[in-house]
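Here the structure is laid out as structure tokens; the discussion comes afterwards.
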Amino acid sequence: MSATTLPTRQTPRTHQSRPLPRQGGFARALRRNLTAHGFLIGAVLCFAFFSWYPMVREFVLAFQRTKDGRTTWAGWSNLNYVFHDPAFWQAWRNTLLFTGLALVLGFVLPFLVAILLNEFRHGQGYLRLLVYLPVMLPPVASVLLFKYFYDPGYGLFNRVFGLLGLPEQQWLQSTHTAMLSVVIAATWMNMGSATLVYLAALQGIPGELYEAAELDGAGLWRKIWHVTVPQTRLVLSLMFLMQIIATMQVFTEPFLLTNGAGPEGATTTVVYLIYQYAFNFNNYGGAAALGLCLLVLLAGFSAAYVRLSRSSED
């Protein structure tokens, strides 16, 4: 008689054998990254308070008028008042002139200095420190140093001109040389950062390209034009846009060298005119309207910079 096989009893699955649903995953992740979230929230709050809020407040203030402690809406009257102020157009002309001169000196000169430093094989670290030293100095100290150099009586520049037999100049007192003097001081103060950026870009160029150019009989200038410039084109474009944005906000150099306006308003810039509207004329609506015009213009350059930056990442 064959043994009958008893049916195996199936053990019913209990709820303990099923995977537990993930409960409180967000809370656990939040506790795990609490420190990182704290730093992130703090940074966002600081950025919002010191950057976003002033921009929004400026936009609102540009359409308001404050008188006797009462604020009322003024519509387009602040912008209309600013546009009909003769100093408005003079300030824009001076700002564009400063930007153009700063691009000729402050954009080309650091690139040439970087090319020269890249040719040195020994002592390059000390030379980089020497070039970057003006950036590390306080801006006020650098400007006051140049104010001493520009002095028409005992200044260094006029002494050098006298030794060379050249006529002395009224650097900051003449309408013809005041803006150029401000540009020279600003270029010396800020060229160190751009020089190091260009130098880093130059050191990333493969040496085989220069060797191939030499085999083709290319001289120094042809190698710079056909090898160096194309290989650093993106960096040059980014620095060009950043310098436009920075130079159009110039304030410290003309304010300390020529008391802001200069001879016959020759160094009055847009930012200094904003300062005058706000703190000399107590016209905060006009200052905000002028700042809004500058904000719109710089926003266009900033958008171009962001777009170029994204293309470089791709």
Side-chain angles (χ1 to χ4, degrees), residues 95-137 139 142 146 157 160 164 179-250 253 297-314:
T95 301
L96 294 177
L97 176 61
F98 179 88
T99 301
L101 292 175
L103 290 176
V104 172
L105 294 179
F107 180 71
V108 178
L109 186 60
F111 187 64
L112 296 178
V113 172
I115 292 175
L116 181 63
L117 290 180
N118 194 43
E119 297 298 323
F120 285 90
R121 294 294 177 263
H122 303 286
Q124 194 177 101
Y126 297 102
L127 294 175
R128 288 200 301 264
L129 176 62
L130 183 63
V131 171
Y132 194 71
L133 182 61
V135 182
M136 296 185 290
L137 295 177
S142 300
F146 268 85
F157 291 160
V160 173
L164 297 176
M179 184 60 75
L180 180 61
S181 302
V182 174
V183 172
I184 292 174
T187 301
W188 183 83
M189 291 168 54
N190 302 302
M191 67 175 291
S193 301
T195 301
L196 295 187
V197 172
Y198 293 142
L199 183 60
L202 292 175
Q203 292 178 347
I205 300 176
E208 294 82 1
L209 298 178
Y210 291 106
E211 295 176 1
E214 290 180 357
L215 293 176
D216 290 339
L220 175 62
W221 292 110
R222 291 187 62 186
K223 286 191 294 185
I224 293 176
W225 184 254
H226 294 287
V227 178
T228 305
V229 173
Q231 291 294 316
T232 58
R233 182 177 62 251
L234 184 59
V235 175
L236 289 172
S237 301
L238 293 177
M239 294 299 294
F240 182 79
L241 290 174
M242 290 181 64
Q243 187 156 355
I244 290 177
I245 295 173
T247 52
M248 294 197 71
Q249 302 179 72
V250 62
E253 291 85 353
L297 181 63
L298 294 182
F301 287 112
S302 300
Y305 170 71
V306 171
R307 184 173 182 179
L308 195 59
S309 301
R310 289 178 179 176
S311 65
S312 65
E313 294 176 357
D314 298 337

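Contact check for Val235 versus Val197: side-chain heavy atoms found under the 4.5 Å cut-off. Side-chain atoms of Leu101 and Leu105, non-hydrogen and from C-beta on, never get closer than 4.5 Å to each other.
Interatomic distance, CD1 of Ile245 versus CG of Leu297, reported as 9.5 Å (0.5 Å rounding). Note that CD1 of Ile244 is 9.0 Å distant from CZ of Phe107, once rounded to the nearest 0.5 Å. Summarising the geometry, atom CE belonging to Met248 is positioned 5.0 Å from atom CG belonging to Leu96; distances are rounded to the nearest 0.5 Å. Note: Thr95 OG1 to Phe98 CZ = 9.0 Å, rounded to the nearest 0.5 Å. The distance from atom CG of Leu137 to atom OH of Tyr132, rounded to the nearest 0.5 Å, is 11.0 Å.
Residue Leu127 is tested with Val113, Leu117, Leu116, Leu199 for a side chain to side chain contact (heavy atoms under 4.5 Å, CB included); the sole match is Leu117.
Contact detail for Glu253 and Val250: the closest heavy-atom pair is OE1-CG2, 3.4 Å. Closest non-hydrogen pair, Pro110 versus Ala194, comes out as CB-CB, 3.9 Å.
Listed by chain and residue number, nothing satisfies the side-chain contact (heavy atoms from CB on, under 4.5 Å) test with Val104 (two or more places apart in sequence, or in another chain). Partners of Leu129 according to the side-chain contact (heavy atoms from CB on, under 4.5 Å) rule, which considers only residues two or more places apart in sequence or in another chain, are Met136.
Here side-chain hydrogen bond (donor to acceptor under 3.5 Å, both in side chains) pairs that include residues 192-214, with residues two or more places apart or in two chains, are Gln124-Gln203, Tyr210-Thr228, Glu214-Lys223.
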Residues 180-191 side chain polar contacts: donor-acceptor under 3.5 Å, at least two apart:
unit_1, atom_1, unit_2, atom_2, d
Ser181, OG, Trp171, O, 3.3
Ser181, OG, Thr177, O, 2.7
Thr187, OG1, Val183, O, 2.8
Asn190, ND2, Ala186, O, 2.8

Point to revise | Stepwise side-chain contact (heavy atoms from CB on, under 4.5 Å) test for Leu196 and Val131 | key: CA-CA 8 Å; Leu196 295 187; Val131 171; 5.6 Å; no
